Amino acid sequence: MKFKFNPEFDKRYEIRLANLDDVPLIMKFIDNFWRKGHIMSRSRKLFDYEYVHETEVDFVIAIDKFSKDLEGIFGFIRCQKERNQDIWGSMWKVRDDHDNMKLLGIELAKRVYILTGCRMHIGNGANPNTTIPLRKIFFREKTAKMKQFYRLNKEIKDYKIAIIKDDSLENVETDERINDQFINYNLNKIDSFTELMNCFELNKMDIYPEKDAYYIKHRYFEHPFYSYLVYAIEINGQTEAVIILRQIDINGSSVLRIVDFLGCEKALVGISSKLDELMQDRKAEYVDFYQFGLEDEILRKAGFINREDTKNIIPNYFEPFLQENADIWVHYIMDNTRFFKADGDQDRPNQLN
């Protein structure tokens, strides 16, 4: 998308990419105007992991030229090593206790394109009442709600995390076939980034956003707080796709969450029995899968159930734990865009332990 500077904003504000010296100011802004005690205002380690890449800080900021106050922020998360490719939006806030220029927040979002030169800026976790309408009006983007699919561990009798009110769909037979041919599937654990790169080629398909090797390594193998489980989906000995999961332990029980998926979605069709084994080994109540962009029929054949087809509660929030369902909204540009739970800033700590 092409945007131009609005010179009227430059008369009052210095709008630019942040630098390392700005980080304490941004963290204070988050504490004062986003939410008191927000983890991004308290943990410099997490802030640096999410937004700092060597000397680059992934925020566009607006500083009042006269008062020298920080008046607005727009944080973003890159999908590749260079931030002039595809990026996700993150923290977007303008002070509402000052008489700021109208549409300063929109100008900050436009400057992301101008200052980074990014190909596209997309997002998940957007507020459906505020952010989603703004993205439609000012950026002419497409919007949608992610779908939450899940598969229960049938060996669990006492659910402490999920609330199962409706089990009418739980015994639907899976169809582990592609083109009517039964195929040998396997789920093979990957223990290192090098092992992943040796068995799987990234971005073979025309899918957006593109996640490069730098992103995958940084996001899942170098996370400072979370441990991720990475599995290759092998078909007849060839890795066709990769699933990335995170185990959450709470209430004396556990769940597994598929937070990212790489590769051909048809590879999911044959993994239901392997997921059952994984849940049983880890004593997880269920495995869930927030996604947008995959075919419902593929997920059904893989043994997943759309949560909205039931009355069940499959929680999304664990820090703090809320035993309720939650919707996640996305905004995007290209038709072949996929979203998953760990995209953007949707799978990060919210509490310091």
Side-chain angles (χ1 to χ4, degrees), residues 146-164 166-191 195-196 199-200 205 220 227-249 253-310 312-315 338 340-342:
M146 295 177 73
K147 296 180 180 180
Q148 184 185 21
F149 285 79
Y150 72 93
R151 182 171 176 82
L152 291 179
N153 181 352
K154 296 175 183 178
E155 291 193 351
I156 298 291
K157 304 302 180 185
D158 180 19
Y159 292 95
K160 300 177 181 179
I161 297 174
I163 299 178
I164 305 303
D166 175 10
D167 62 0
S168 60
L169 299 177
E170 303 301 335
N171 295 316
V172 174
E173 291 296 324
T174 60
D175 186 6
E176 300 186 357
R177 295 179 296 174
I178 294 178
N179 299 327
D180 294 324
Q181 297 293 320
F182 284 93
I183 298 172
N184 181 28
Y185 289 88
N186 194 29
L187 207 55
N188 184 38
K189 191 170 186 298
I190 294 174
D191 293 316
E195 186 180 348
L196 173 63
C199 73
F200 184 72
M205 303 171 63
Y220 300 115
S227 295
Y228 289 94
L229 302 168
V230 182
Y231 286 88
I233 302 177
E234 294 182 351
I235 300 178
N236 295 336
Q238 181 71 33
T239 299
E240 296 294 341
V242 173
I243 57 170
I244 301 169
L245 306 95
R246 186 164 69 86
Q247 179 171 327
I248 298 175
D249 303 317
S253 190
S254 301
V255 300
L256 287 169
R257 315 198 71 184
I258 299 176
V259 297
D260 206 344
F261 175 80
L262 309 170
C264 177
E265 62 188 296
K266 289 184 178 180
L268 289 165
V269 170
I271 68 169
S272 58
S273 61
K274 304 300 181 182
L275 287 177
D276 289 345
E277 293 173 8
L278 187 61
M279 286 190 287
Q280 290 159 13
D281 287 345
R282 292 183 169 268
K283 297 179 173 57
E285 292 186 9
Y286 61 83
V287 57
D288 81 324
F289 191 9
Y290 271 97
Q291 61 79 33
F292 172 80
L294 301 183
E295 294 183 21
D296 288 5
E297 184 65 11
I298 293 289
L299 293 167
R300 185 194 68 77
K301 287 184 175 182
F304 288 96
I305 295 168
N306 187 339
R307 185 254 298 166
E308 291 192 349
D309 291 338
T310 75
N312 299 332
I313 294 177
I314 311 296
R338 291 177 176 178
F340 303 104
K341 182 66 176 72

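The basis for the numbers below is simple: all heavy atoms, side chains too, and nothing from hydrogens, waters or symmetry mates. Keep in mind the model is a prediction, meaning the values are calculated, not measured.
- Within the model, atoms CD1 of Ile314 and CD1 of Ile163 stand 9.5 Å from one another, a figure rounded to the nearest 0.5 Å.
- For the pair Ser272 and Ala302, the tightest heavy-atom approach, listed with the atom from each and the gap, is CB-O, 3.1 Å.
- The shortest heavy-atom contact between Ala162 and Tyr286 is CB-CE2, 3.7 Å.
- Side-chain contact between Lys266 and Ile298: present, with at least one pair of heavy atoms (C-beta onward) separated by less than 4.5 Å.
- Separating the OG atom in Ser253 from the NZ atom in Lys283 is a distance of 11.0 Å, to the nearest 0.5 Å.
- Side-chain contact between Arg282 and Leu229: present, with at least one pair of heavy atoms (C-beta onward) separated by less than 4.5 Å.
- For Glu308, the salt bridge (Lys or Arg N to Asp or Glu O under 4.0 Å) partners at least two apart in sequence or on another chain are Lys145.
- Side-chain contact between Ile233 and Leu187 is present, with at least one heavy-atom pair separated by less than 4.5 Å.
- Contact between Ala267 and Tyr185 at its shortest, heavy atoms only, is O-CE2, 3.7 Å.
- Between Phe200 and Ile190, the closest side-chain pair of non-hydrogen atoms is not below 4.5 Å.
- In this structure, Glu195 and Lys189 approach most closely via the heavy-atom pair OE2-O, 3.5 Å.
- Although no hydrogens or angles enter the test, the distance criterion places a donor-acceptor pair under 3.5 Å between the side chain of Asn153 and the main chain of Ala284.
- With Ile164 as the partner, the side-chain contact (heavy atoms from CB on, under 4.5 Å) test is satisfied by one option alone out of Thr310, Leu152, Ile313, Ile156: Leu152.
- Glu285 places a side-chain N or O within donor-acceptor distance of the main-chain N or O of Lys160, the cut-off being under 3.5 Å.
- With hydrogens and angles disregarded, a donor-acceptor distance shorter than 3.5 Å links the side chain of Asn236 to the backbone of Asn184.
- In this pair, Phe289 and Phe340 present their aromatic rings parallel. The plane angle is below 30°, not in the 30 to 60° band.
- Taking Glu155 as the reference, nothing meets the salt bridge (Lys or Arg N to Asp or Glu O under 4.0 Å) condition, with sequence neighbours excluded.
- For the atom pair NZ (Lys147) and CZ (Phe292), the distance works out to 8.5 Å, reported to the nearest 0.5 Å.
- Closest heavy-atom contact between Val287 and Met279: N-SD, 3.4 Å.
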Please test Phe149 against Ile258 for side chain to side chain contact (heavy atoms under 4.5 Å, CB included), starting from the C-alpha separation and ending with a verdict.
CA-CA 10 Å; Phe149 285 79; Ile258 299 176; over 6 Å; no
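- No donor-acceptor pair closer than 3.5 Å links the side chain of Arg307 to the backbone N or O of Gln148.
- Of the options Asp296, Leu275, Asp288, a side-chain contact (heavy atoms from CB on, under 4.5 Å) to Phe304 is made by Leu275 and by none of the others.
- Residue Lys341 forms a side-chain contact (heavy atoms from CB on, under 4.5 Å) with just one option from Arg257, Met146, Arg246, and that option is Arg257.
- Partner of Phe261 under the side-chain contact (heavy atoms from CB on, under 4.5 Å) criterion, chosen from Leu268, Val242, Ile244: Leu268.
- Checking Asp260 against Tyr228 by side-chain atom types alone, no donor-acceptor pair falls below 3.5 Å.
- Interatomic distance, CG of Asp191 versus OH of Tyr231, reported as 8.5 Å (0.5 Å rounding).
- Atoms CD and CD, from Gln291 and Glu265 in turn, are 8.5 Å apart once rounded to the nearest 0.5 Å.
- Here Arg151 contributes atom CZ and Leu299 contributes atom CG; the two are 12.0 Å apart, rounded to the nearest 0.5 Å.
- Contact record, Ala241 with Cys264: CB-O, 3.8 Å, taken as the closest heavy-atom pair.
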